[in-house]
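The structure appears right after this line, and notes come after that.
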There are 2 protein chains.
Amino acid sequence: MVTIYDIAKKANVSPMTVSRVINNSGNISEKTRKKVEKVIREMNYIPNSAARSLISKETKILALLITDITNPFFTKVARGAEDKALEKGYRLILSNSDENLYKETDYFKTFISTPVDGIIFAPTGDESKKNIQLLNDHQIPFVLVDREIPGIQCDQVLGDNHSGSRQLLDYLYQKGHRKIALINGPATVSTARERQKAYMEFMREHSLVIHPEWILETNYKQGGAITAVETLLSLPNKDKPTAIFAANNFIAIDAINTLKKYNYDPPHDIDIVCFDDLESYSWFPPFLTVAVQPAYDFGYTATQLLIERIEKKSPTTERKVILTPKIVYRN
Amino acid sequence: MVTIYDIAKKANVSPMTVSRVINNSGNISEKTRKKVEKVIREMNYIPNSAARSLISKETKILALLITDITNPFFTKVARGAEDKALEKGYRLILSNSDENLYKETDYFKTFISTPVDGIIFAPTGDESKKNIQLLNDHQIPFVLVDREIPGIQCDQVLGDNHSGSRQLLDYLYQKGHRKIALINGPATVSTARERQKAYMEFMREHSLVIHPEWILETNYKQGGAITAVETLLSLPNKDKPTAIFAANNFIAIDAINTLKKYNYDPPHDIDIVCFDDLESYSWFPPFLTVAVQPAYDFGYTATQLLIERIEKKSPTTERKVILTPKIVYRN
DNA sequence: CTGAAAGCGCTAACAC
DNA sequence: GTGTTAGCGCTTTCAG
């Protein structure tokens, strides 16, 4: 292994000078800098990050904990985060909590015992508050993405669930739908609550009946909404919704699938809209109208905030960035 | 920060004794062990991994580089790898080369400058050979998953493309198909070559005409095979295949989609089979017969091999593990 | 502008 | 069974 001592010897300078050249710190004459740089290249020197970390207490590693690695939404968040991290000289560890609070806890413990400089994460729900305590105890900076937690003040990057929901509902309304069901994620997740709030508000504003059986709580994972759809279909015809507002992409897919299974032909007989894009799925008819969130930017921005926080370049007050979804009208 | 010195002082032992307790190394009396462990718990001591790495030259970090993070196949590989890594006390960095050789190179450079103990990766193609040179130069252990590279001897975990292909083709043949097209991945990827080889062999064995226009080379990414399908559809009716062997899941989806677009009704008029499962996609008709590879085991096993290699517990000779796909007959 | 000394937290090697 | 010493590769501090 080549160390700064090796290159110091060969360049006839002190190790300290080499260190300064590497870190661009202190003043160095152009001549010695050139000389040292040359030797560094010749000897293929690579700084030892462990030795650096030992002194600086920094690992240059960030962790991104998402709740569903199979969801393209989060996959894009990951890409954004990775790009920003690399750009800033950090490495990104990507992990998956599977919407499971305990897995989340486990990961946090790992991030503490083998430290990371900071964490970007989508909490599994409001109960993640306890896990955040862990992070605070160990002074690990973190940023929330996609989901917020009541009572937690921190940097966060969120979608505008309210306006997105309203636009989707408005689209349905314009198409003539009056019986609109909501198949939602868990009430413990902020995005679900906000989408529901927007739904209630919209229905009331338009004097539409809010049939309690039209509001169903499921989860955001693949296959999680199938029974919910079946429940809707089992309603007597007069109470059956003509449209479904699916809180995320996977719920929409469950809806399409289940409807087809029962010989419906969405979106013609029952219309569907949802949050997040359907990607590859959308190649199949029906093509849904969706609220596409800038997932890549979620990750990119959150990582930016985190790094600023780590490097003490951020204001002491927490920042909440709201990213607006884009409604893609189809069909 | 609590160090072994702090806990040594409080427990009235030497730092070395603490170190021994932590690492379960050397002989320690039950009494002192208990005493030290108690203090460790009380003081919430967490070992400093940087200091350890400085001595051991190990980072306890593994990198997994896959070629397409949006493909559920690789997503499952990642899960398997992560589980094994965590189980063995390693951390996993997940990265995505996007089927791009240069991104692969960049990642390898990162893995060298901020070192990892080893790398599991699916090469973007045969050209990755050059990148492997990089790894060898820096003595970084690695394991190949899913794809092999001619002339590269190393630990690897691969699928049985030959038998999987034959079983899929046989299924089509049994159903009466004689005009079978192959939409393949890039010839620079070993899996594509093997699938094609099996195809050629099968066709010849069954004295089926191999129409050169039935063999199309595309890529493994979403949307990559659309024009290939269109090409097939533009053939005169008598030359048009009645079935398509899609080399992976995304190609199959492209096929279904494109066929539907041109008012075909797969799999009734044109049948389709493919490698890897279609996951969520399969909720939509048509339900294809597919060769499901044990993706999770790909990752799990590869990581096992890698860790054994890192910890010098593996035989000097390279190991090649072949995992058999399971044919799921549907429709 | 450059260098020498000390020490980050830990463990290998050697005492006792 | 336990302790002492030295040093991993680097940077901070203080001298020159």
Side-chain angles (χ1 to χ4, degrees), chain A residues 1-40 43-61 89 112-117 138-139 311-312, chain B residues 1-40 43-61 89 112-117 138-139 311-312:
Chain A
M1 164 165 257
V2 185
T3 73
I4 51 169
Y5 284 85
D6 300 320
I7 91 112
K9 201 179 292 175
K10 197 155 179 188
N12 266 313
V13 294
S14 77
M16 201 47 234
T17 305
V18 180
S19 172
R20 282 194 260 258
V21 170
I22 294 164
N23 297 289
N24 268 309
S25 56
N27 286 343
I28 299 220
S29 72
E30 200 51 31
K31 210 187 327 165
T32 44
R33 137 160 289 120
K34 290 273 183 241
K35 186 173 57 178
V36 170
E37 280 172 345
K38 183 156 167 280
V39 179
I40 285 178
M43 303 194 69
N44 250 310
Y45 166 77
I46 293 170
N48 181 315
S49 52
R52 278 183 167 171
S53 294
L54 188 56
I55 295 165
S56 70
K57 270 38 177 165
E58 284 175 359
T59 61
K60 288 284 175 186
I61 295 178
I112 290 161
S113 69
T114 332
V116 296
D117 288 352
H138 292 269
Q139 315 242 51
E311 298 178 348
K312 319 260 185 231
Chain B
M1 161 166 259
V2 185
T3 73
I4 51 169
Y5 285 86
D6 300 319
I7 91 112
K9 200 179 293 175
K10 196 155 180 189
N12 264 312
V13 293
S14 78
M16 201 49 230
T17 304
V18 179
S19 172
R20 282 195 260 258
V21 169
I22 293 164
N23 297 288
N24 268 309
S25 57
N27 285 342
I28 299 221
S29 73
E30 200 50 30
K31 210 186 329 162
T32 43
R33 137 160 289 119
K34 289 270 183 246
K35 185 172 60 179
V36 170
E37 281 173 343
K38 183 155 169 281
V39 179
I40 286 179
M43 302 194 70
N44 251 311
Y45 166 77
I46 292 170
N48 181 315
S49 52
R52 279 183 167 171
S53 293
L54 189 56
I55 296 165
S56 70
K57 270 42 178 160
E58 284 174 0
T59 60
K60 288 284 176 185
I61 295 178
I112 290 161
S113 70
T114 332
V116 296
D117 288 351
H138 292 268
Q139 314 244 50
E311 298 179 348
K312 318 260 186 234

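Since we're looking at a predicted model, the values are computed, not measured. Naming: A, B, ... by sequence-line order, numbering from 1 per chain. Note: hydrogens, waters and symmetry copies are ignored here, and every other heavy atom, side chains too, is used.
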How many angstroms lie between atom [atom1] of [X] and atom [atom2] of [Y], to the nearest 0.5 angstrom?
X: B:Met43; Y: B:Thr3; atom1: CE; atom2: OG1; value: 8.0 Å
X: B:Ile112; Y: A:Asn44; atom1: CD1; atom2: CG; value: 10.0 Å
X: B:Ile4; Y: B:Asn48; atom1: CD1; atom2: CG; value: 10.5 Å
X: A:Ile28; Y: A:Met16; atom1: CD1; atom2: CE; value: 8.0 Å
X: B:Asp6; Y: B:Tyr45; atom1: CG; atom2: OH; value: 9.5 Å
X: A:Ile55; Y: B:Leu54; atom1: CD1; atom2: CG; value: 9.0 Å

For the backbone of [Y] and the side chain of [X], can you confirm whether one donor and one acceptor N or O come within less than 3.5 Å of each other?
X: A:Ser53; Y: A:Ser49; value: yes
X: A:Asn23; Y: A:Arg20; value: no
X: A:Thr17; Y: A:Val13; value: no
X: B:Asp117; Y: B:Glu58; value: no

Start and end of the DNA chain C segment that chain A contacts, any atom under 4.0 Å from a heavy atom | C:dC1 to C:dG9
Who pairs with B:Glu37 by salt bridge (charged side-chain N to carboxylate O under 4.0 Å, His left out), at least two apart in sequence or on another chain?
-> B:Arg33
Of all heavy-atom pairs linking A:Ser29 and A:Thr32, the shortest is OG-OG1, 2.7 Å
Taking every heavy atom of A:Val39 against every heavy atom of A:Ala11, the minimum-distance pair comes out as CG2-CB, 3.8 Å
Is the count of non-hydrogen atoms from other residues, nucleotides or ligands lying under 6.0 Å from B:Lys57 atom NZ greater than 12?
-> yes
Nearest-nucleotide check on DNA chain C, A:Tyr5 vs A:Thr32; residue mapping nearer the 5' end is A:Thr32
Please find the earliest and latest nucleotides of DNA chain D, in the 5' to 3' direction, that have an atom within less than 4.0 Å of any heavy atom of chain B.
-> D:dG1 to D:dG9
Might you work through the side chain to side chain contact (heavy atoms under 4.5 Å, CB included) test for A:Ile40 and A:Val2, ending with a clear yes or no?
-> CA-CA 9 Å; A:Ile40 285 178; A:Val2 185; over 6 Å; no
When you measure from every atom of DNA chain C, which of residues 9-30 of chain B have a heavy atom less than 4.0 Å away?
-> B:Met16, B:Ser19, B:Asn23
May I ask you to list the residues of residues 46-61 of chain A, by number, that have any heavy atom positioned under 4.0 Å from an atom of DNA chain C?
-> A:Leu54, A:Ile55, A:Lys57
Degree of bending in the helix from C:dC1-D:dG16 to C:dC16-D:dG1 once both end axes are built from five pairs, to 10° = 40°
